[in-house]
Amino acid sequence: MRFSGAVKKRLQKDISVDDLTLYPSIQEQARVLDSRPVRNTETVQRRLGPPSVEDMTHCSGQTNKALQTEGRAKVLLKKLGLSWNDVEDIIHAPDVSYIYLRRRRPQTWTQRAIYIAQRANHDQLVNAWKAVLLHHPMLRAIPSGFPDEEYASLEVDPYRASVKRLFIVLQGNDLWWNCSISTGIEVQEPQELRSTFLNEWADADMGPLVRVAFANIRSTGTGAFILVGNHAAFDNLSMNLVLEDLNSALDHDLTAEEMLQAPGHTSYKDFADRYYLHRRGNSAMEAVAFHAQRLRGIGNLKKSLWPAQRAPGWFKGCDDGWTNADGTLGDTALRIPLDQPSDREGVDGLTRTAPTIRLKEMKAAYGILPHIILKAAVSLFNMRRTGTNAALFANVEAGRSWPFSKDWTTLGEVLQNPLNIAGPLFHVVINRIEITNPDEKVIHLLKRVQEEQVLLSQYCQAPLFEIQRALSSEDVKVMDEAVLRQGYNWAPGIQSAAAGRSQSTIRPPALAKFQRVAYDDIGFAWTCGLWDPQTLYVNASYDDCQLSKPEVMLALEEVLCAGAWLSDPNNVEKKVSDCVFEGMQVGELVKSLE
């Protein structure tokens, strides 16, 4: 993905991740790029008025469904001071949105990020935001439920009856800005931003999914904004597109009219429509079968889930207003942080590193990549902690490809680069890694994990509800629980972020990230990468009511020790049971780079 992004920036041409798979050699990639035109520079096309039945894919041309959609939307819109005439589009939500829109607290799956303008003032920043969001409809969305008989058979969780299945995208007009942004906040120094616009959240029930507050920093005369957004509206890649557009708008003082004339991004609605239309096609069902076969029987593996539950709920950071599974208000006395206030690090997490000087040799000699080594280390750590021979945890996949494209594309058709889609494409899959032979060799485990990872990425867009339809009710319960307990994410941008700290630029970007906090509904999250080509990097963020800081420090040490041991070519023929979880060189705490 980084290579595709670099090509887009330097050559203004698109080569997708799928292209790189189809054409692995440099010569083939060069021929592909020579055949491609310069990136599409079509301006944004806007419909006059709200969508009709033909514009709402989920209605399948049925007027009664369109009227039902409009009626439900009007109820939500009225609460926000909006009307049906303010609607720009209706987008059917991919299944993965179920995870992020299930409201268990006001902060459910919310990110809070602060950015400071280096050269622009408050008013310029507000104008730039309004202009840029013309290209980013998902940041102008609210969620809405829609009854659908397709999911009637999924009775495992009553919540699914009201799951949010539609995104209502609003036009970027004054009525929308009135309910989604706050302006005119005054602070003296940047540090005051950390305690500004607190207890203000995106709303996973009725929206807006993204809210932004703009501040004037008196000491510098520059502006800043505080964004709180539910993850159903964006992923890291689509947010990077927003920030790139903001930097351009600020550097060139672009107006909304000029942004409309600027090259737009690939439509997220096009992605979502194709996902919906082909979710039961041959390609989708092939992906569903892959996951169902892997996960069938996990209902018997509940003891393999980690961490153990000490308090109700799974919440990183502020849990004010948390609710039970049935929606009733939770008892605050049942969720007590395990550490003193000065030691509560769960929401930002703890970060440590470990030197591994032979990573390149592992790749050259055995084809084993760093993210596989750390994933295997996390798996072995899980088995060590649970005392079982299985590890069950969630995995975040970027999912930057067109969904089920074999079912709707023609031979030789060139699709727009999915890296340029302005919306969230990431998906969540479940890892099920087991060791049934205690004498299994390290290299066999690593190759097994790597081969399955390729398939997990290939089939990551399999519709969640279709997978669960193919499983037993007990399997579905454990699958849902695994998503809440523990997640693993490989962040390839860590190394470039580490390198960027030591590099100076003649002209810094128009925006600088000041703070980012992720209020994920999860017990434990691993964010892994490389600090440099020979150093493993692991951040562990967690629910303070489930784990203490000393426990997480030890978990980091054990995973990094295992990762360092697994990355040594001298150990590839040893038994997996020989893996060590202590005694390797592990660094002290460092500042997180996410």
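Heavy-atom basis, side chains included; hydrogens, waters and symmetry copies ignored. Just so we're clear, the structure is a prediction, and the values are computed from it rather than from any experiment.
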Can you list the steps and then say if V442 with K575 is a side chain to side chain contact (heavy atoms under 4.5 Å, CB included)? CA-CA 6 Å; V442 167; K575 300 176 186 177; over 6 Å; no

Between R516 and R112, is a side chain to side chain contact (heavy atoms under 4.5 Å, CB included) present by the stated rule, with each step listed? CA-CA 6 Å; R516 185 182 74 87; R112 173 185 160 95; over 6 Å; no

Run the numbers on E558 and R385 for salt bridge (charged side-chain N to carboxylate O under 4.0 Å, His left out), then give the verdict. CA-CA 10 Å; E558 291 186 0; R385 286 303 176 92; 3.4 Å; yes

Before giving the answer on salt bridge (charged side-chain N to carboxylate O under 4.0 Å, His left out), spell out for R344 and D339 the whole-Å C-alpha distance, their side-chain angles and the decisive distance to 0.1 Å. CA-CA 6 Å; R344 291 176 195 167; D339 294 309; over 6 Å; no

Verify side chain to side chain contact (heavy atoms under 4.5 Å, CB included) between V429 and Y459, making sure each step is shown before the conclusion. CA-CA 9 Å; V429 298; Y459 292 127; over 6 Å; no

Start with the C-alpha distance between L530 and L359, add both sets of side-chain angles, then the distance that settles side chain to side chain contact (heavy atoms under 4.5 Å, CB included), and finish with yes or no. CA-CA 10 Å; L530 292 178; L359 278 176; 3.8 Å; yes

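In terms of heavy atoms, A377 sits closest to V559 at CB-O, 3.6 Å. Closest of all the heavy-atom pairs between G207 and P143 is N-CD, 3.6 Å. Minimum interatomic distance between P403 and Y275 (heavy atoms only, all atoms of both residues): CG-N, 3.7 Å. S577 and P438 make their closest contact through OG-O, 3.4 Å (heavy atoms, listed as atom of the first residue, atom of the second, distance). Shown here for C528 and L374, the closest heavy-atom pair between the two residues is CB-CD1, 3.7 Å. Scanning both residues, V478 and L392, for their nearest heavy atoms gives CG1-CD1, 3.9 Å.
The distance between the ring centers of W526 and F524 falls below 6.0 angstrom. If you look at F514 and F225, their ring centroids are not closer than 6.0 Å. A distance of 6.0 Å or more separates the ring centres of H136 and Y268. For W306 and F381, the ring centers are positioned less than 6.0 Å apart.
Side-chain N or O atoms of N247 include one that pairs as donor or acceptor with a backbone N or O of A510 at under 3.5 Å. Side-chain atoms of N389 do not come within 3.5 Å of backbone N or O of E434 as any donor-acceptor pair. The main-chain N or O of V378 is found under 3.5 Å from a side-chain atom of N382 such that the two form a donor-acceptor pair. Of the possible donor and acceptor atoms, none in the side chain of Q546 sits under 3.5 Å from a partner among the backbone N and O of W314. A donor-acceptor pair under 3.5 Å links the side-chain atoms of S379 to the main chain of K375, judged by distance alone. Between the N539 side chain and the S592 main chain, no donor and acceptor come within less than 3.5 Å of each other. For the pair D95 (side chain) and L464 (backbone), a donor-acceptor distance under 3.5 Å is present. When atom types are taken as modelled, the side chain of N230 and the backbone of T108 share a donor-acceptor pair closer than 3.5 angstrom. One N or O on the side chain of D235 and one on the backbone of L425 form a donor-acceptor pair closer than 3.5 Å. A distance-only check finds no donor-acceptor pair linking the side chain of R352 to the backbone of L589 [under 3.5 Å].
Taking a 6.0 Å sphere around CD of Q585, one finds it holds 12 or fewer heavy atoms contributed by other residues, nucleotides or ligands. Within a 6.0 Å radius of NZ in K549, more than 12 heavy atoms belonging to other residues, nucleotides or ligands are found.
Using modelled atom types, one finds a donor on one side chain and an acceptor on the other under 3.5 Å when comparing R194 with Q191. For the residue pair E397/Q453, the side-chain donor-acceptor check at 3.5 Å is satisfied. Between the side chains of T356 and S567, no donor-acceptor pair is found at a separation under 3.5 Å.
Note that CD1 of I430 and CZ of F393 are 9.5 Å apart. Values are rounded to the nearest 0.5 Å. From I185, atom CD1 reaches atom OG1 of T196 across 6.5 Å, with rounding to the nearest 0.5 Å. The CG atom of L554 lies 11.0 Å from the CZ atom of F581; values are rounded to the nearest 0.5 Å. One distance of note links CG of D205 with CG of L101; it measures 9.0 Å at 0.5 Å rounding. Annotation: the span from L484 atom CG to D520 atom CG amounts to 11.0 Å, rounded to 0.5 Å. Expressed to the nearest 0.5 Å, how far CG of L139 lies from CG of L227 amounts to 6.5 Å.
With salt bridges taken as basic N to acidic carboxylate O contacts below 4.0 Å, one links R211 and E200. In this structure, K302 does not pair ionically with E474, as no charged nitrogen and carboxylate oxygen lie closer than 4.0 Å.
Looking at R485, K316, R335 one by one, the single match for side-chain hydrogen bond (donor to acceptor under 3.5 Å, both in side chains) with D543 turns out to be R335. Applying the side-chain hydrogen bond (donor to acceptor under 3.5 Å, both in side chains) test between D521 and each of R105, Q107, R104 identifies R105 as the sole match.
For the pair N571 and D578, the minimum side-chain heavy-atom distance is 4.5 Å or more. With a 4.5 Å cut-off on side-chain heavy atoms, L209 and F234 do not count as touching. Residues L471 and R296 have side chains in contact (heavy-atom distance under 4.5 Å, counting atoms from C-beta outward). Side-chain contact check for L446 versus M362: some heavy-atom pair is nearer than 4.5 Å. Counting heavy atoms from C-beta outward, I298 and M479 have side chains that approach closer than 4.5 Å. Two residues are said to be in side-chain contact when any heavy atoms from C-beta on lie closer than 4.5 Å; M553 and E557 fail this criterion. Side chains of C545 and R310 form no contact here, defined as non-hydrogen atoms less than 4.5 Å apart. Side-chain contact between T353 and L536 is absent, with no heavy atoms from C-beta onward closer than 4.5 Å.
The aromatic rings of W201 and Y519 stand perpendicular to each other, their planes meeting at an angle above 60°, with 30° marking the opposite boundary. Taking the six-membered ring for Trp and thresholds of 30 and 60 degrees, H231 and Y100 have ring planes inclined between 30 and 60 degrees apart.
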